[in-house]
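The sequence lines fix the lettering, A, B, ..., with proteins before strands; numbering per chain opens at 1. Source: prediction; values computed, not measured.
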Amino acid sequence: MRSSLVRGMRDILPPASARWREVEKTVLGVLVGHGYQEIRLPLIEGTELFQRGVGEATDLVEKEMYSLKDRKGKDLSLRPEGTAGCVRACIDGGLLRGRTPRLWYQGSMFRYERPQKGRSREFSQIGAEAFGLPGPELDFELVAMLAQAFAELGLGPFLRLEINSIGSAQDRERYRAALVSYLKPLVEELDGDSRRRLDTNPLRILDSKAESTQRALAHAPRLEDFLNETAEGHFAAVRRMLDSAGIEYRVNRRLVRGLDYYNDTVFEWVTDELGAQAQVCGGGRYDGLVALLGGSSTPAAGFGIGLDRVVLLHEQCVARDYAEVDVQCVVVGEEHLTRALAVADELRRRTGLRVLAPAAGAGVGSQLRRADRSGALWAVIVGGDEVESGRISLKWLRERKEQTALTVDEAASLLASSGDGGC
RNA sequence: GUGGAUGUAGCUCAGCAGGUAGAGCCCCGGAUUGUGGAUCCGGCUGUCGUGGGUUCGAGCCCCAUCAUCCACCCCA
């Protein structure tokens with residue numbers, strides 16, 4: 001019996017992997033350019049980290065975690081998101097003492113959900129988290145980096161930024177009470193999920209898609225009326241900065257996050273191109289989380305980018321041909337294989353290009369056909385004529401140029417001035 | 001977790017009152033014995049998702065199962 005891929009997992013094969021590389025490189029370039037440093041985190045954490053950090057009542061913790069017991073019975077979980085683990089690591093590593101680290105990480109997250117396009121059980125995120133900065137300029141910085149990254153990827157026209165402020169925990173507590181007492185008499189009109197949430201997580205009712213629920217919410221109290229002055233001022237400042245930077249956004253007063261740790265500014269990037277899996281990025285401020293997880297009270301904010309969805313969108317919206325190599329070395333006659341290998345090696349070292357070694361045993365025609373298909377820009381031919389004259393033949397595969405005989409040295413400097421080595 | 005659709009070659013798909021599998025693309029070779037892309041010629045490729053059942057006979061019918069997709073849900 002042939003073994004098969006586990007449900008909800010996915011392989012990323014070439015050439016799709018090249019696209020992943022490009023997306024990752026672009027996003028990370030922006031983060032690094034803003035002074036964010038890499039932090040590497042474990043895939044497994046104690047289950048209670050997520051229960052406390054993300055929130056007991058969230059769907060994520062309630063029913064989507066890959067949880068297991070190790071051999072001594074300790075409760076562990078594969079990370080379903082990155083923020084809690086990052087905060088834990090910062091506390092453990094003493095990173096927050098008198099410093100304001102800006103960090104990025106990338107890697108797999110795991111959630112046990114029904115798989116769909118854009119939603120697999122293992123998925124990849126790039127996350128950024130910044131600590132110790134209470135001001136609105138951090139919220140702005142995070143959003144601005146995302147706007148830049150998405151623009152560089154050519155995805156600007158397909159994405160929309162939505163932002164909101166959900167105030168402090170106290171604000172939400174007061175609002176929650178008001179919302180519940182407003183909805184209680186209307187219970188009959190709510191959909192099943194929303195009814196359950198009335199007790200567990202009433203704010204999530206706000207972004208229910210059920211029509212009857214949205215009707216029932218028509219005259220509900222509004223969260224923005226419950227925000228304290230500081231939260232109002234903070235949100236206004238963030239918006240001013242976005243305005244003056246020319247970053248477009250929509251204030252969505254119904255936007256609430258599914259994870260409990262957020263406060264004040266929250267945001268999402270959404271697209272209409274991916275069906276139901278519309279959200280490609282989400283984030284916000286979480287000033288209370290560090291203290292909640294046992295560190296000293298530290299303001300913080302961050303985001304997570306759903307890379308699978310961004311890559312999917314990129315695939316749909318940005319045409320690309322990813323070449324496998326830059327130069328294909330072609331050998332004519334097996335007796336010249338050693339020479340050809342040496343040429344390939346020298347070109348590799350001198351140019352930094354991707355140079356594919358020659359395949360002995362195949363005819364010149366088929367070697368060139370493969371070179372053509374691989375997307376290589378050049379073929380370098382080594383055979384009897386070349387060995388005799390002490391040169392190689394350089395052939396342009398994508399341009400109308402005459403094939404020329406050059407010394408390896410000349411070829412190397414010519415090639416070095418073009419191309420960037422692929423990845 | 002709920003509801004629905006779909007699984008045939010590497011890819012896109014055809015196949016029919018149930019009679020034992022086909023096309024295009026791809027790939028390989030040749031025309032052109034040291035030159036790719038176009039054209040022409042030839043060739044290779046299948047547990048018909050898996051297991052069971054009905055039948056003389058199942059890709060097609062029935063049951064189960066697995067996977068994918070869509071919506072719900074959930075989030076990134």
Which one, [options], comes nearest to the side chain of [X]?
{"X": "A:Q116", "options": "B:rU68, B:rG34, B:rA71", "result": "B:rA71"}
{"X": "A:Y262", "options": "B:rA76, B:rG34, B:rC70", "result": "B:rA76"}
{"X": "A:L368", "options": "B:rG36, B:rG34, B:rA76", "result": "B:rG36"}

Heavy atoms only, 4.0 Å cut-off, all strands: where does [X] land among base, sugar-phosphate and nothing?
{"X": "A:I381", "result": "base"}
{"X": "A:A276", "result": "base"}
{"X": "A:V332", "result": "base"}
{"X": "A:G384", "result": "base"}
{"X": "A:G383", "result": "base"}
{"X": "A:G8", "result": "sugar-phosphate"}
{"X": "A:D385", "result": "base"}
{"X": "A:L397", "result": "base"}

Determine the Euclidean distance between corresponding [atom1] atoms of [M] and [N]; express it in Å to zero decimal places.
{"N": "B:rU39", "M": "B:rA21", "atom1": "C1'", "result": "30 Å"}
{"N": "B:rG4", "M": "B:rU47", "atom1": "C1'", "result": "29 Å"}
{"N": "B:rG59", "M": "B:rG43", "atom1": "P", "result": "27 Å"}
{"N": "B:rG1", "M": "B:rC16", "atom1": "C1'", "result": "38 Å"}
{"N": "B:rU55", "M": "B:rA17", "atom1": "P", "result": "23 Å"}
{"N": "B:rA14", "M": "B:rG24", "atom1": "P", "result": "16 Å"}
{"N": "B:rU20", "M": "B:rU32", "atom1": "P", "result": "42 Å"}
{"N": "B:rU65", "M": "B:rA38", "atom1": "C1'", "result": "49 Å"}

key: Greater than 12 external heavy atoms within 6.0 Å of A:R391's CZ   =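 Yes, the 6.0 Å shell around CZ holds more than 12 heavy atoms from other groups.
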
hbond_proxy [X] side chain to [N] base (donor-acceptor, 3.5 Å cutoff):
{"X": "A:D372", "N": "B:rG37", "value": "no"}
{"X": "A:Q403", "N": "B:rU35", "value": "yes"}
{"X": "A:E113", "N": "B:rA76", "value": "yes"}
{"X": "A:E386", "N": "B:rG34", "value": "yes"}
{"X": "A:R119", "N": "B:rC73", "value": "yes"}

Roughly, in whole Å, what's the span from [atom1] in [X] to [atom2] in [N]?
{"X": "A:D11", "N": "B:rA67", "atom1": "CG", "atom2": "P", "value": "15 Å"}
{"X": "A:R121", "N": "B:rC73", "atom1": "CZ", "atom2": "C1'", "value": "14 Å"}
{"X": "A:R370", "N": "B:rG36", "atom1": "CZ", "atom2": "P", "value": "14 Å"}
{"X": "A:D191", "N": "B:rC72", "atom1": "CG", "atom2": "P", "value": "12 Å"}
{"X": "A:R369", "N": "B:rU35", "atom1": "CZ", "atom2": "C1'", "value": "11 Å"}
{"X": "A:D207", "N": "B:rC73", "atom1": "CG", "atom2": "C1'", "value": "12 Å"}
{"X": "A:D321", "N": "B:rG37", "atom1": "CG", "atom2": "P", "value": "17 Å"}
{"X": "A:Q277", "N": "B:rA76", "atom1": "CD", "atom2": "C1'", "value": "10 Å"}

Under a 3.5 Å cut-off for both contacts, is [N] paired Watson-Crick or G-U wobble with anything, and if yes, with which nucleotide?
{"N": "B:rA31", "result": "B:rU39"}
{"N": "B:rG10", "result": "B:rC25"}
{"N": "B:rU20", "result": "none"}
{"N": "B:rG1", "result": "B:rC72"}

Quick check on [N]: is either OP1 or OP2 less than 4.0 Å from any side-chain nitrogen or oxygen of [X]?
{"X": "A:R114", "N": "B:rC70", "value": "no"}
{"X": "A:Q367", "N": "B:rU35", "value": "no"}
{"X": "A:K209", "N": "B:rC72", "value": "yes"}
{"X": "A:R373", "N": "B:rC28", "value": "yes"}

message = Against A:F131, only a single residue in A:V290, A:L138, A:L95, A:L289 fulfils side-chain contact (heavy atoms from CB on, under 4.5 Å); can you say which?
response =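 Testing each of A:V290, A:L138, A:L95, A:L289 against A:F131, the sole residue satisfying side-chain contact (heavy atoms from CB on, under 4.5 Å) is A:V290.
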
task = Would you mind telling me which of A:L159, A:V311, A:V27 makes a side-chain contact (heavy atoms from CB on, under 4.5 Å) with A:L153?
result = A:V27

query = Does the side chain of A:E129 pick up a donor-acceptor pair with the side chain of A:Y286 at under 3.5 Å?
reply =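 Their side chains do contain a donor-acceptor pair, which is all the 3.5 Å distance test asks for.
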
Student check: side-chain heavy atoms of A:R121 and A:V6 closer than 4.5 Å = no

ask   = Do the side chains of A:L179 and A:L217 get nearer than 4.5 Å, heavy atoms only?
value = yes

5' priority, RNA chain B, between A:Q279 and A:K63 [closest heavy atom] =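 The residue mapped nearer the 5' terminus is A:K63.
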
ask   = Taking for each residue the nucleotide of RNA chain B with the nearest heavy atom, is it A:D193 or A:K117 whose nucleotide lies nearer the 5' end?
value = A:K117

task = Would you verify whether the NZ or CZ of A:R239 falls within 45 degrees of the ring axis of A:F235 while also being under 6.0 Å from that six-membered ring's centre?
result =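 Yes, a cation-pi geometry.
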
inquiry  = If we ignore hydrogens and angles and just use 3.5 Å, is the side chain of A:Q214 paired with the main-chain N or O of A:K209 as donor and acceptor?
reply    =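 Not at all, since once roles are kept as given, no pair shorter than 3.5 Å links the two residues.
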
inquiry  = Less than 4.0 angstrom from a charged side-chain N to a carboxylate O is my criterion; do A:E45 and A:R88 meet it?
reply    =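 Here A:E45 pairs with A:R88 in a salt bridge, since their nearest N and O are under 4.0 Å apart.
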
